[in-house]
Amino acid sequence: MQFLPVLVLMILFFVMMFGIGFILNMLMKTTWFPAYLFIIVLIPIVIFSMWDRSASFGTHMSSYGPVDYLIGLSGVAGAILSGWTIQKLRLGGYKMF
């Protein structure tokens, strides 16, 4: 893949997970729920939805390229940063968050 589409996808996933995490944090009053949700639910769903039953775990994980891992890591970073942002806003005295 070329560099520009990968960069756009990374920014898109970062912003999408930050926005979803921020909204979930405001509604549910939990700080790290979106990060846990992304790591515990979304990543296994993506991995197991494309699972090849005849391949081993290592073979399956090596079938993903660096682009896939970069996009996934940018989504995790957005979810973690949303929790950190909410935490800092709460410590700053904002009662809405």
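The first residue in the sequence is number 1, and the count goes up from there.
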Give the table of side-chain donor-acceptor pairs shorter than 3.5 Å for residues 81-88, with sequence neighbours excluded, one pair per line with atom names and distance.
| unit_1 | atom_1 | unit_2 | atom_2 | d |
| --- | --- | --- | --- | --- |
| Ser82 | OG | Ala79 | O | 2.7 |
| Thr85 | OG1 | Leu81 | O | 2.7 |

Would you say that Ile20 contacts Pro34 through its side chain, given a criterion of any heavy-atom pair below 4.5 Å between the two side chains? no

According to a 4.5 Å side-chain heavy-atom criterion applied to Ile, Leu, Val, Met, Phe, Trp and Tyr, with indirect links allowed, do Phe38 and Met28 form part of one hydrophobic cluster? yes

Which atom pair, heavy atoms only, marks the closest approach of Ser56 to Thr59? OG-OG1, 2.9 Å

Among the clusters formed by ILVMFWY side chains lying less than 4.5 Å apart, do Leu91 and Tyr94 turn up in the same one? no

Less than 3.5 Å apart, which donor and acceptor atoms pair up between the side chains of residues 7-19 and the rest of the protein, not counting sequence neighbours?
none

Got a sec: does the OH of Tyr36 have more than 12 other heavy atoms crowding it under 6.0 Å? no

Specify the closest pair of heavy atoms between Tyr69 and Met61, including all atoms of both residues, with the distance to one decimal. OH-O, 2.6 Å

Would Val76 and Val41 show up in the same hydrophobic cluster when neighbours are defined by side-chain heavy atoms closer than 4.5 Å? yes

